There are 4 protein chains.
Amino acid sequence: MSKPTADATDRPDVISRTGPRRSESARLAVLHAADDLLVERGFAELTIEGIAQRAGVAKQTIYRWWKSKVDILLDTLADDAREALQWRTPESDTEAEEDLKAHLRRVAGFFQDPAGQVLQALVGHAQLDGKTARALRDGFLREQRERDIAGLRALLTRSPHVTVGDQAVGRLVDLLFGPLYYRALVLGEPIDEEVVEATARAVLTLARESAA
Amino acid sequence: MSKPTADATDRPDVISRTGPRRSESARLAVLHAADDLLVERGFAELTIEGIAQRAGVAKQTIYRWWKSKVDILLDTLADDAREALQWRTPESDTEAEEDLKAHLRRVAGFFQDPAGQVLQALVGHAQLDGKTARALRDGFLREQRERDIAGLRALLTRSPHVTVGDQAVGRLVDLLFGPLYYRALVLGEPIDEEVVEATARAVLTLARESAA
Amino acid sequence: MSKPTADATDRPDVISRTGPRRSESARLAVLHAADDLLVERGFAELTIEGIAQRAGVAKQTIYRWWKSKVDILLDTLADDAREALQWRTPESDTEAEEDLKAHLRRVAGFFQDPAGQVLQALVGHAQLDGKTARALRDGFLREQRERDIAGLRALLTRSPHVTVGDQAVGRLVDLLFGPLYYRALVLGEPIDEEVVEATARAVLTLARESAA
Amino acid sequence: MSKPTADATDRPDVISRTGPRRSESARLAVLHAADDLLVERGFAELTIEGIAQRAGVAKQTIYRWWKSKVDILLDTLADDAREALQWRTPESDTEAEEDLKAHLRRVAGFFQDPAGQVLQALVGHAQLDGKTARALRDGFLREQRERDIAGLRALLTRSPHVTVGDQAVGRLVDLLFGPLYYRALVLGEPIDEEVVEATARAVLTLARESAA
DNA sequence: GGCTAACCGAGACGGTACGTCAAGTCTTGGC
DNA sequence: GCCAAGACTTGACGTACCGTCTCGGTTAGCC
């Protein structure tokens, strides 16, 4: 969500209500209010005025730091999603397929999280508004894709002992996440174990085949 | 919602300004205005008042027949998208893979069409609004998925001579369209030949494997 | 800005809440609310939103018909002030001086009226804003001055039997109303009988002298 | 409110940016900025923030020393207006009427001056706001009226050799300045020679008459 | 000669009202 | 009974200033 208040020892904890420096408490209040309201009422009913009221903050304070509700949600996303969608390096030597499936399950779970709903809303709104699309792509998706490509390549290199080019990994990433997003965004249906299994097996099969 | 175009062949274009029966010219004017404005300005700037003005129609006339702008767009979708996303039966005995790739290319092209943009906008808006989600699923997506399942099964039965259960075909459909929607909606990047090829091959490979 | 209620015969009196014609009840509610609030709280605290709330009317309904609160007050003025500042023709043959003093007393009293406070506020605001100045001059003061010149000339012609040119009457009107406005606007002090008497006598003396 | 320019002759102009004593340069910068902005843009567009920016001064520095923009303008008025509206004692033995007319001409000219515009704005704003009215009356107008009464009495005593009571002089002052303020504030028209002449003659005539 | 108290610039903060936009409802009058 | 026209209430938009409140950096004058 945003950097923690610094790691203590001697936090003042006295919230200086105002001053010439940005108020961290106001920033967090806005971020949390936005997140809560999105989950409670949905993106369509999310308004700047509602966020301001919920956060106990003046509207102008929001407009001073964010351009729109999309901008706020992008901030919300920044910390949370990055972590939730992170590729874990396996602790012991497990099967590659199991690791992949575990990652997919984590991604599937993410769509139920508040942070997942934020991303879902932003991807939705990106269809309707070019600026949102650009901001989302530049501010999150591009980097996420790079992390996904690196993560998948690392996994493939490890166990099936295949080496694939960047472009080829890109296509495998499409194959890997496409079905998940498709079910979540388009069909609005849950991503169950079978989907996870089929998708993981498909990607690994293709990887081995294209290595041959 | 509104009656289908009906007697076709010849659009009336005769403006019967009013009367005790629904004006077909008003209906078409609204549909075309909505379509045009969506393509010209995007969903975010699409307003009922704007449509009314562009169509030369009173706002009330719109509210009498449609519940929202989403409702109007669903109407414009109905005829166009169904046809564009239809599975063609091969004219001669071509390879299944070629047929599949041809279909994917058609779907990829559809995303550039006006009708494709309408669907894209509606899927986007469905992330933000539950009613839209339900209307879109009930009014279009569910049936489209049935057509897709049937289409893919027919293709698989024909050439790789495999028979797969309904559930399995469902998962293959996810694998087939997932990457396309993922690239279009999430990444906002074009669906090039490589993606088409990789996806088609993945699906056929998996189909053969799961038949074994 | 808006025509008076017209003189009835068959007023509907049924308040049609809305429709394609301007709502007379809304118009009157706004005018009265503005008048009341001005008297109660003063011009500085008079806000469009406050008027709207008090009148039980939407803000947009005010903006549809008036450009600003000044515009509303000008409407308020139109009917009331014209009448209050009207020159009465004497019923019987009284002294010119008595008639003049009677008129000044009426004007002095006007400054205590709601309508008088409206005029006072508008004249005040005209010092601060060019547009208000122009609107007030064009919409009320110019015509009022013409009525004043005509009224004073008629009075002078009647009893002191003097005839004076237009320009000379203009200067006499300055002499006549100047002290009243000066006391009301600049000094903020009451216009007592002595002021009325001194002013009336000064004007009549000057009139006789300049006729000689 | 703020101390007068004090030691004069030489304006400091040395910018002592800060310190434990009130900064004279900041005080003057605010006063000049307010004056300039009033003349350039008018009272309505005059804001504390605008003055602060123009003066290169922090908002808080203004609020520390003045209560409102009216308070600032009263300060700018203090020195300038008192002098401009001062009654001159005739150098040689001229006619009383000439002296009176000369004074009126000076007052008329004052309304064109920056200082005159400040007074005009303050009188205007006093109609809209009770506090301003009180501050203006207490801080300037009451004393000015005393000076005017003394000035007129001195003039009358000199030449027409009439002696009039305080109350009577008060009424003559109303007659004298009323028409000027009336033309300037209410009609917004210039005070030409004819007005000056008619007013001066009216006052002298009345003075002689009431002395009889 | 160091300390401290008041000043200064900068500017963030909670507010109030602004004037605009579109939504969705309702009514009139014509065909 | 449908239609064009458009007035109405509602609610959010994004902006402008208000007056209050730190913050960190001077600098004068007292110890």
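So that the names make sense, note that chain A is the first sequence line, chain B the second, and so on, each numbered from 1. Just so we're clear, the structure is a prediction, and the values are computed from it rather than from any experiment.
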Could I get the full list of side-chain hydrogen bond (donor to acceptor under 3.5 Å, both in side chains) partners for [X], not counting sequence neighbours?
X: D:Glu49; value: D:Lys59
X: B:Asp35; value: none
X: C:Gln117; value: none
X: D:Gln60; value: none

Length of the [atom1]-[atom2] vector between [X] and [N], whole Å:
X: B:Ile48; N: E:dC21; atom1: CD1; atom2: P; result: 18 Å
X: D:Arg21; N: F:dA28; atom1: CZ; atom2: P; result: 10 Å
X: B:Leu28; N: F:dC3; atom1: CG; atom2: P; result: 12 Å
X: B:Leu37; N: E:dA22; atom1: CG; atom2: C1'; result: 15 Å
X: A:Glu49; N: E:dT16; atom1: CD; atom2: P; result: 12 Å
X: B:Lys131; N: E:dG24; atom1: NZ; atom2: C1'; result: 13 Å
X: D:Leu46; N: F:dA16; atom1: CG; atom2: P; result: 17 Å
X: D:Arg27; N: E:dC8; atom1: CZ; atom2: C1'; result: 17 Å

| query | Are any side-chain N or O atoms of C:Thr76 and backbone N or O atoms of C:Ile72, one a donor and one an acceptor, separated by less than 3.5 Å? | reply | yes
Pairing residues for [X] by the salt bridge (charged side-chain N to carboxylate O under 4.0 Å, His left out) criterion, not counting sequence neighbours:
X: A:Arg22; answer: none
X: A:Arg54; answer: A:Glu40
X: B:Arg41; answer: B:Glu45
X: D:Asp138; answer: D:Arg142

Here the residues of residues 60-72 of chain A within 4.0 Å heavy-atom distance, strictly under, of DNA chain E are A:Gln60, A:Thr61, A:Arg64, A:Trp65
So, with a heavy-atom separation below 4.0 Å from DNA chain E, the residues of residues 120-128 of chain B are none
Between C:Gly56 and A:Thr47, whichever has its closest DNA chain F nucleotide further toward 5' is C:Gly56
Residue pair B:Ala58/D:Glu45 against DNA chain F: nearer the 5' end by closest nucleotide is B:Ala58
Double-helix bend of the helix from E:dG1-F:dC31 to E:dC31-F:dG1, axes at both ends from 5 pairs, round to 10°, gives 10°
Result for 5'-nearest mapping on DNA chain E, choosing between D:Pro20 and D:Ala55, is D:Pro20
So CG of C:Leu31 and CH2 of C:Trp66: to nearest 0.5 Å the spacing works out to 5.5 Å
Residue pairs meeting salt bridge (Lys or Arg N to Asp or Glu O under 4.0 Å), one or both in residues 61-73 of chain A, sequence neighbours left out, come to none
Open item on the list: Any donor-acceptor pair, under 3.5 Å, between the side chain of D:Lys59 and the base of E:dG11, if you only look at N and O atoms?
Closed with: no
From the list A:Gln127, A:Gln120, A:His125, side-chain hydrogen bond (donor to acceptor under 3.5 Å, both in side chains) partner of B:Gln127 resolves to A:Gln120
Which part of the nucleic acid does B:Gly50 contact within heavy-atom distance under 4.0 Å: base, sugar-phosphate only, or nothing?
nothing
